[in-house]
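Here's the structure, in structure tokens; my notes come after.
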Amino acid sequence: MFLVGSLVVLCGLLAQSSAQLAGLPLPLGQGLPLPLDQGLPLPLDQGLPLAVTPALLSNPTDHLAGSFTDALSGGLLSGGLLGILENIPLLDILKSGGGNTNGLVGGLLGKLTSSIPFLNNILDIKITDPQLLELGLVQSPDGHRLYVTIPLGFTLKVNTPLVGSLLKLAVKLNITAEVLAVKDNQGRIHLVLGDCTHSPGSLQITLLNGVTPLQSVLDNLTGILTKVLPDLVQGKVCPLVNGILSRLDVTLVHDIAELLIHGLKFVIKV
């Protein structure tokens with residue numbers, strides 16, 4: 001009996017050890033393994049993303065620049081920019097002294113027409129075939145401003161009843177608009193227009209065809225247009241841009257303004 005009892009005790013001990021090795025339940029608090037997703041540090045590249053933006057954006061940042069230029073371009077076209085350019089009464093403005101140019105243009109036009117008598121009172125200058133080319137977009141070094149380049153192209157036709165088409169000129173001009181993000185007193189975010197002007201030196205005037213010899217006429221006319229055209233076109237484009245900014249999609253405005261206010265770069269090259 002003593003031998004049998006010893007065997008029973010020994011078998012019991014062996015059975016307990018086997019149960020522990022087999023992973024059978026143990027008393028609470030004694031050797032329970034931790035789940036893999038609790039209590040163990042994650043590798044550095046699998047942790048939660050760092051907060052690189054001040055707020056959750058609705059659009060990926062790499063799409064914002066393209067969405068913004070598309071919205072501006074569509075707004076300019078739907079706002080009638082091309083028709084506005086085509087209907088600029090260029091000849092009337094030149095004859096009246098160029099509006100705010102203090103009569104300078106009127107004097108230059110008088111010089112032009114007096115140099116060739118048959119041009120007096122019959123000169124006709126029209127803008128035709130206006131085009132809006134692909135917009136450019138850059139972000140300021142501090143990240144707080146956007147600069148939109150608005151490249152325009154059109155043809156100038158100089159006609160007279162006696163000669164018909166006297167000159168045909170190709171014109172290219174860039175308008176640059178500065179865009180800023182501001183918060184009003186109620187904390188609402190807006191995109192607003194800052195400086196808006198023609199890019200210095202961007203005006204290009206090229207002779208497409210014309211009756212020869214007209215070099216003196218071409219030189220005088222080019223001089224006049226260089227002084228007048230940039231301000232005229234700028235005066236038509238900038239108010240349109242200002243109006244478009246106030247009507248942009250709310251989500252797009254919010255996302256761009258948040259990045260600009262915090263100086264975060266999102267424009268690579270557009």
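This chain uses plain numbering: 1 for the first residue, then up along the sequence.
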query: So do the side chains of L240 and I84 get within less than 4.5 Å of each other, counting heavy atoms only?
result: yes
- line: CD of E86 to OG1 of T155, rounded to nearest 0.5 Å, is 10.0 Å
- prompt: Under 3.5 Å, side chain of S246 to main-chain N/O of G243, donor-acceptor pair present?
  reply: yes
message: Looking at E178 and D195, would you say the former's side chain and the latter's main chain have a donor-acceptor pair under 3.5 Å?
response: yes
- line: OG1 of T251 to CG of L64, rounded to nearest 0.5 Å, is 11.0 Å
task: For V233 and L85, work out which heavy atoms get closest and say how close.
output: CG1-CD2, 4.0 Å
- request: Walk me through it: do I189 and I261 pass the test side chain to side chain contact (heavy atoms under 4.5 Å, CB included)?
  value: CA-CA 9 Å; I189 301 176; I261 287 175; 4.2 Å; yes
- request: For V171, enumerate each residue passing the side-chain contact (heavy atoms from CB on, under 4.5 Å) test, keeping only those at least two apart in sequence or located in another chain.
  value: F154, L156, L203, I205, L229
- prompt: Do you reckon L77 sits in the same ILVMFWY cluster as L135, going by side-chain contacts under 4.5 Å, direct or chained?
  reply: yes
query: Less than 4.5 Å apart, any side-chain heavy atom of L132 and any of L152?
result: yes
task: Apply side chain to side chain contact (heavy atoms under 4.5 Å, CB included) to V148 and V241, showing your working.
output: CA-CA 10 Å; V148 184; V241 174; over 6 Å; no
message: Please give me the minimum heavy-atom distance between P230 and K227, naming the atom from each residue.
response: CD-C, 4.4 Å
field: Pairs satisfying disulfide bond (SG atoms under 2.5 Å apart), at least one member in residues 130-176, at least two apart
entry: none
- prompt: For the side chain of Q139 and the backbone of L146, is there at least one donor-acceptor N/O pair under 3.5 Å apart?
  reply: no
field: Approximate separation, where rounding is to 0.5 Å, of L208 CG and T206 OG1
entry: 7.0 Å
Beyond-backbone contact of F68 with L137, side-chain heavy atoms, under 4.5 angstrom: yes
message: Please determine whether side chain to side chain contact (heavy atoms under 4.5 Å, CB included) holds for the pair D184 and H190, giving the CA-CA distance in whole Å, both sets of side-chain angles, and the decisive distance to 0.1 Å.
response: CA-CA 8 Å; D184 60 21; H190 305 275; 3.0 Å; yes
message: I need the full list of disulfide bond (SG atoms under 2.5 Å apart) pairs touching residues 134-178, with sequence neighbours left out, sorted by first then second residue.
response: none
Atom pair CG/CD of L173 and Q204 - distance to nearest 0.5 Å: 9.5 Å
query: With sequence neighbours left out, which residue pairs that include part of residues 221-252 fulfil the disulfide bond (SG atoms under 2.5 Å apart) condition?
result: C196-C238
- request: Compare all side-chain heavy atoms of L221 with those of L167 and state whether any distance is below 4.5 angstrom.
  value: yes
- line: Distance col, row L133:CG vs K172:NZ, nearest 0.5 angstrom, shows 6.5 Å
query: Side chains of L248 and I256: does their closest heavy-atom pair fall under 4.5 Å?
result: no
query: Judged by atom type as modelled, is there a donor-acceptor pair below 3.5 Å linking the side chain of H262 to the main-chain atoms of E258?
result: yes
query: With sequence neighbours left out, what residues match T197 under side-chain contact (heavy atoms from CB on, under 4.5 Å)?
result: Q234
- prompt: Any side-chain heavy atom of L169 within less than 4.5 Å of one from L225?
  reply: yes
query: To the nearest 0.5 Å, how far apart are CG in L207 and OG1 in T222?
result: 8.5 Å
- request: With sequence neighbours excluded, tell me which residues meet side-chain contact (heavy atoms from CB on, under 4.5 Å) with H144.
  value: D142
task: Compare all side-chain heavy atoms of V192 with those of V179 and state whether any distance is below 4.5 angstrom.
output: no
query: With a 4.5 Å limit on heavy-atom distance, are the side chains of L260 and F266 in contact?
result: yes
query: Is the backbone of D70 close enough, under 3.5 Å, to the side chain of S73 for a donor and an acceptor to pair up by distance?
result: no
query: In a check of side chain to side chain contact (heavy atoms under 4.5 Å, CB included) between K236 and each of I175, I88, N87, which one passes?
result: I88
message: Is it the case that the side chains of H198 and N174 hold a donor-acceptor pair, with the cut-off being a distance below 3.5 Å and no angle test?
response: no
